[in-house]
Amino acid sequence: MTIFKLGVVGQPIKHSLSPIIHQEFSIRTGIQLQYDAYEVPPEALDGFITNFFKDGGHGLNITLPHKKACIASAHVLSKDVELLSAANTLTGKEGGKKIVADSTDGAGFIRDCEDKNIQILNKNIIILGAGGASQSIIPSIAKLGPAKLVVDNRTKNKTNSLFNQFPEIPLLDLDNFNGPIDMVINATSAGLAGSFDWDIIHGLDKETIFYDLSYGPSETPFLQWASSYSTHKFDGIGMLIFQAAYSFELWFDIAPPTKHIKEILFKNND
């Protein structure tokens with residue numbers, strides 16, 4: 001019986017839910033695997049990745065702070081990775097001699113929106129934050145034809161850098177947008193500890209959808225803040241599950257069932 005060697009790499013990593021998710025995928029598909037969490041500092045990343053695949057590793061998920069740096073260890077980059085200059089999934093080929101880098105974050109976000117009946121086409125969407133989290137979903141959102149795609153960040157020069165990264169996507173700064181806001185996506189780390197607040201002075205109403213890329217067993221500070229405006233609120237646990245499912249499909253060419261995994265995750269983390 002083949003047992004596939006998999007894992008997730010980050011720093012810190014002990015909070016990761018990925019081992020539980022992929023173990024559930026293993027049960028549901030009958031594919032035997034060993035999926036471990038590896039805490040690896042930046043200076044040791046390339047050596048770890050190279051040795052992992054040389055030693056028989058089949059696949060790795062990559063999380064913060066390594067999503068950009070990990071592509072230096074890959075031999076083949078998907079089109080998404082070339083666009084984003086970041087990856088969250090590595091696959092070993094040819095006995096570990098070839099490493100392929102992919103990104104499933106954007107696809108995972110869109111799949112979760114579909115699952116929740118969140119419409120993107122012709123909607124005004126604001127993303128808070130201009131870091132790696134927002135970068136990973138912007139191209140996928142843009143492909144679905146939003147009316148306006150707006151980015152706001154506390155540090156404006158970071159917003160400008162993001163605009164330069166995606167010159168073919170018509171992104172707007174919040175200062176240059178004046179209209180109803182259909183969806184607000186939190187892609188910042190603001191409010192992970194303590195309260196959340198953001199200076200949005202117009203456009204929000206009770207129909208606005210609020211989506212936090214962060215998640216947890218209880219409501220995030222961003223979603224608590226959103227309660228003042230709307231009851232249409234979602235965290236990022238669905239995105240986490242779906243991006244993991246797309247990684248699993250890249251590794252095994254099988255789409256694992258995803259129903260009720262959220263309940264299993266928080267049952268295991270009470």
Side-chain angles (χ1 to χ4, degrees), residues 63-65 67-68 84 86 88 103 105-110 112-113 116 118-166 169-216 218-240 242-243:
T63 189
L64 297 176
K67 289 186 176 184
K68 288 186 175 293
L84 298 169
N88 76 332
S103 178
D105 284 331
F109 172 77
I110 296 302
D112 193 40
C113 287
K116 293 175 167 61
I118 297 172
Q119 301 297 314
I120 301 293
L121 179 65
N122 294 327
K123 301 298 183 181
N124 293 332
I125 298 173
I126 293 183
I127 301 176
L128 306 182
S134 59
Q135 293 170 30
S136 70
I137 62 173
I138 282 173
S140 297
I141 294 173
K143 287 178 184 177
L144 297 184
K148 301 292 183 183
L149 186 50
V150 183
V151 179
D152 194 37
N153 193 69
R154 298 193 194 280
T155 307
K156 292 302 179 182
N157 64 351
K158 199 169 184 181
T159 308
N160 294 332
S161 296
L162 184 68
F163 291 179
N164 291 334
Q165 183 178 353
F166 301 120
I169 298 176
L171 299 171
L172 287 175
D173 187 282
L174 183 59
D175 293 339
N176 297 317
F177 172 78
N178 184 13
I181 300 170
D182 298 300
M183 185 177 185
V184 181
I185 301 167
N186 179 35
T188 76
S189 58
L192 288 179
S195 61
F196 181 96
D197 189 43
W198 204 273
D199 186 17
I200 300 178
I201 59 175
H202 56 75
L204 299 176
D205 61 35
K206 60 187 175 78
E207 296 304 318
T208 302
I209 295 169
F210 292 83
Y211 190 110
D212 197 343
L213 298 188
S214 299
Y215 53 86
S218 57
E219 193 171 59
T220 67
F222 168 78
L223 295 182
Q224 292 172 14
W225 169 77
S227 297
S228 301
Y229 302 97
S230 174
T231 59
H232 305 297
K233 304 177 298 177
F234 305 97
D235 69 11
I237 193 66
M239 174 183 169
L240 175 72
F242 286 122
Q243 64 83 17

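Note that this is a predicted model, so its numbers are computed, not measured. Basis for what follows: all heavy atoms, side chains included, without hydrogens, waters or symmetry-related copies.
Not one N or O on the side chain of Q224 forms a donor-acceptor pair closer than 3.5 Å with the backbone of S195. Here the side chain of Q165 pairs a donor or acceptor atom with the backbone of L84 at under 3.5 angstrom. Side-chain atoms of D112 never come within 3.5 Å of backbone atoms of G108 as a donor-acceptor pair (strictly under, hydrogens ignored).
Taking CG of L171 as the start and CG of N160 as the end, the distance is 11.0 Å to the nearest 0.5 Å. Atoms CG and CD1, on L144 and I110 in that order, are 4.5 Å from each other to the nearest 0.5 Å. With values rounded to the nearest 0.5 angstrom, D235 atom CG is found 15.0 Å from F210 atom CZ. Here the CG atom belonging to L174 is positioned 4.5 Å from the CG atom belonging to D152, to the nearest 0.5 angstrom. Rounding to the nearest 0.5 Å gives a distance of 4.0 Å between NZ of K156 and CG of D173.
Taking the side chain as every heavy atom from C-beta outward, T208 and Y229 never approach each other to under 4.5 Å. Between L162 and N153, every side-chain heavy-atom pair lies at or beyond the 4.5 Å cut-off. Residues T220 and F196 have side chains not in contact (no heavy-atom distance under 4.5 Å, counting atoms from C-beta outward). Between P180 and E207 there is no side-chain heavy-atom pair separated by less than 4.5 Å. Residues P146 and M183 fail the side-chain proximity criterion, which asks for heavy atoms closer than 4.5 Å.
Counting all heavy atoms, side chain and backbone alike, S103 lies closest to A86 at CB-O, 4.1 Å. Between V151 and A130, the shortest heavy-atom distance links the atoms CG1-CB, 4.3 Å. The minimum heavy-atom distance linking H202 with I181 is given by the pair O-CD1, 3.3 Å. In terms of heavy-atom proximity, F166 sits nearest to P139 at CE2-CG, 3.7 Å. Listed here is the closest heavy atom pair of L223 and K233: O-CD, 3.4 Å. The minimum heavy-atom distance between T155 and N157, with the atom names listed, is CG2-OD1, 2.7 Å.
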Between F222 and D212, is the side chain to side chain contact (heavy atoms under 4.5 Å, CB included) condition met? List the steps.
CA-CA 7 Å; F222 168 78; D212 197 343; 3.2 Å; yes
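For the pairing with L213, the side-chain contact (heavy atoms from CB on, under 4.5 Å) check across I127, I185, D105 returns one residue only, I185. Checking each of I141, V184, D182 against I125 for a side-chain contact (heavy atoms from CB on, under 4.5 Å) leaves exactly one that passes, namely I141.
For F242, the ring-ring contact (aromatic ring centres under 6.0 Å, His included) criterion is met by no residue, not counting sequence neighbours.
With no hydrogens or angles considered, no side-chain donor-acceptor pair links N186 and W198 at under 3.5 Å.
The aromatic rings of F234 and Y211 sit tilted, their planes meeting at an angle between 30° and 60°.
Listed by first and then second residue, the side chain to side chain donor-acceptor pair (under 3.5 Å) pairs that reach into residues 122-151 are K68-Q135, sequence neighbours excluded.
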